[in-house]
Protein chains: 2
Amino acid sequence: MLKKLDPLLHSELRLAIMSLLISVKKAEFTYLKEQTEATAGNLSVQVTKLENAAYIIVEKGYKGKMPQTVCTITEKGIEAFEKYVKDLKEYLKL
Amino acid sequence: MLKKLDPLLHSELRLAIMSLLISVKKAEFTYLKEQTEATAGNLSVQVTKLENAAYIIVEKGYKGKMPQTVCTITEKGIEAFEKYVKDLKEYLKL
DNA sequence: GCAATTTAGTTTATATTATAAACTAGTTTG
DNA sequence: CAAACTAGTTTATAATATAAACTAAATTGC
């Protein structure tokens, strides 16, 4: 009856990350940390999970001399997010 | 920035239970089990959590000679569900 | 110029949560 | 009356989320 919700997206922090990336497409790790108010450790773990699912691409570089991690949403990530929203609407009767 | 999602509702099975009860107000345990396709054990645990939060009322009686558990959504449960939907819309940009 | 603090993360350990398996108690059926 | 089924609950395990501890380099204050 009800569609199975993508467990990778049905997590508060990962959903917040993906939601931000749906808007901005690309964001720094530090920006995501500020916006989500998550701890760096938690964010790091969840970003890695999204990366492993190929929902986002994670690039490590430098901003001046400081390390900088940039996350970019992929086409697969966008599709997964859209499907999640669609599935969730069934639950919420939206 | 983003509102904290009610962790009691941000669970696939509990959300399904509440979604069903939003529609029908009152339902038998067995009906919920059929509709959600959950195992009885899992359903029992999640129903109890919703009951402890006073989101639903659980009444145990008999249907003929067989035990029958009936779940009814409370006003508090309805409000919590509506708030959850509202909060979630922020995440999903709905 | 070097100790203390800050930035930007990762790794690992712990707490929480979800799920399934095992169990109880009574019922129906061949 | 034994076997299988119904309607659940309790308990054990697996999965997940979160925080604490750590690494490594940069910046700041004295």
Side-chain angles (χ1 to χ4, degrees), chain A residues 2-21 26-53 55-72 80 84 88 91, chain B residues 2-21 26-53 55-72 80 84 88 91:
Chain A
L2 286 169
K3 273 170 194 133
K4 187 106 188 71
L5 294 175
D6 183 344
L8 220 79
L9 293 181
H10 198 66
S11 138
E12 187 156 8
L13 183 49
R14 286 196 300 272
L15 191 60
I17 295 166
M18 290 296 282
S19 171
L20 287 166
L21 289 177
K26 180 185 276 225
E28 290 175 32
F29 185 93
T30 53
Y31 173 80
L32 293 175
K33 183 167 178 296
E34 274 169 34
Q35 293 294 314
T36 60
E37 293 174 56
T39 59
N42 193 8
L43 186 59
S44 177
V45 170
Q46 307 312 330
V47 159
T48 299
K49 285 186 186 175
L50 292 172
E51 184 186 20
N52 289 341
Y55 285 4
I56 65 174
I57 289 165
V58 178
E59 288 165 301
K60 280 138 208 264
Y62 286 89
K63 185 188 200 170
K65 290 173 182 170
M66 297 299 278
Q68 187 196 35
T69 298
V70 176
C71 302
T72 310
Y84 175 78
L88 198 66
Y91 282 71
Chain B
L2 287 170
K3 273 169 195 134
K4 187 103 189 70
L5 295 176
D6 183 344
L8 220 78
L9 292 181
H10 198 65
S11 139
E12 187 156 8
L13 183 48
R14 286 196 300 272
L15 191 61
I17 294 166
M18 290 296 284
S19 171
L20 287 166
L21 289 176
K26 182 185 277 226
E28 290 175 32
F29 185 93
T30 52
Y31 173 80
L32 293 176
K33 183 167 176 298
E34 275 169 35
Q35 293 294 314
T36 60
E37 293 174 58
T39 60
N42 192 9
L43 185 60
S44 178
V45 170
Q46 306 311 330
V47 159
T48 300
K49 284 187 187 176
L50 292 172
E51 183 186 21
N52 289 341
Y55 284 4
I56 65 175
I57 289 166
V58 177
E59 287 164 303
K60 279 136 211 264
Y62 287 90
K63 184 186 201 173
K65 291 175 181 166
M66 297 299 278
Q68 187 196 34
T69 299
V70 176
C71 302
T72 311
Y84 175 78
L88 198 66
Y91 282 71

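Every chain is numbered from 1, with letters handed out A, B, ... down the list of sequences.
By the side-chain hydrogen bond (donor to acceptor under 3.5 Å, both in side chains) test, B/T30 pairs with B/E28, sequence neighbours left out. Residues passing the side-chain contact (heavy atoms from CB on, under 4.5 Å) test with A/A27, sequence neighbours excluded: A/L21, A/V24, A/Y31, A/L32. When the side-chain hydrogen bond (donor to acceptor under 3.5 Å, both in side chains) test is applied to B/N52, no partner is found at least two apart in sequence or on another chain.
Separating the OG1 atom in A/T36 from the CZ atom in A/R14 is a distance of 13.0 Å, to the nearest 0.5 Å. Here the CE atom belonging to B/M18 is positioned 12.5 Å from the CD atom belonging to B/Q46, to the nearest 0.5 angstrom. Interatomic distance, A/S11 OG to A/D6 CG, rounded to the nearest 0.5 Å: 10.5 Å. For the atom pair OH (B/Y84) and OH (B/Y55), the distance works out to 11.5 Å, reported to the nearest 0.5 Å.
For the pair A/L13/A/V45, no side-chain contact is recorded, criterion being any heavy-atom separation below 4.5 Å from C-beta on.
When the side-chain nitrogen and oxygen atoms of B/R14 are compared with OP1 and OP2 of C/dT17, none of them lie within a distance under 4.0 Å. Under 4.0 angstrom from either OP1 or OP2 of C/dA8 there lies no side-chain N or O belonging to A/T30. Within the 4.0 Å cut-off from OP1 or OP2 of C/dA18, at least one side-chain nitrogen or oxygen of B/K49 is found.
In 5' to 3' order, the nucleotides of DNA chain D bounding all contacts with chain B (an atom under 4.0 Å from a heavy atom) are D/dT6 to D/dT11.
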Report the C-alpha distance between A/I17 and A/L43 in whole Å, list the side-chain angles of each, state the deciding distance to 0.1 Å, and finish with yes or no for side-chain contact (heavy atoms from CB on, under 4.5 Å). CA-CA 9 Å; A/I17 295 166; A/L43 186 59; 3.5 Å; yes
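Regarding A/H10, its NE2 atom lies at a distance of 13 Å from the P atom of C/dT17, rounded to whole Å. When rounded to the nearest whole Å, the span between CD of A/E12 and C1' of C/dT17 equals 14 Å. Here the C1' atom of nucleotide C/dT17 and the CD atom of B/Q46 are 8 Å apart, to the nearest Å.
Across all strands shown, B/S11 has heavy atoms under 4.0 Å from sugar-phosphate atoms exclusively, and none from any base. At a threshold of 4.0 angstrom between heavy atoms, the contacts of B/Q68 are confined to the sugar-phosphate backbone, with no base atom among them.
Between A/A16 and B/Y91, the shortest heavy-atom contact is CB-CE2, 3.8 Å. Taking both residues in full, the closest heavy atoms of B/V47 and B/I56 are given as O-CD1, 3.6 Å, listed atom of the first, atom of the second, then distance.
Scanning residues 38-45 of chain B for heavy-atom distances under 4.0 Å to DNA chain C yields B/T39, B/G41, B/N42, B/V45.
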Polar atom pairs between nucleotides 27-30 of chain C and protein, under 3.5 Å, N or O only, would you list them?
none

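Between B/F29 and A/Y62, the residue whose closest nucleotide on DNA chain D is further toward the 5' end is B/F29.
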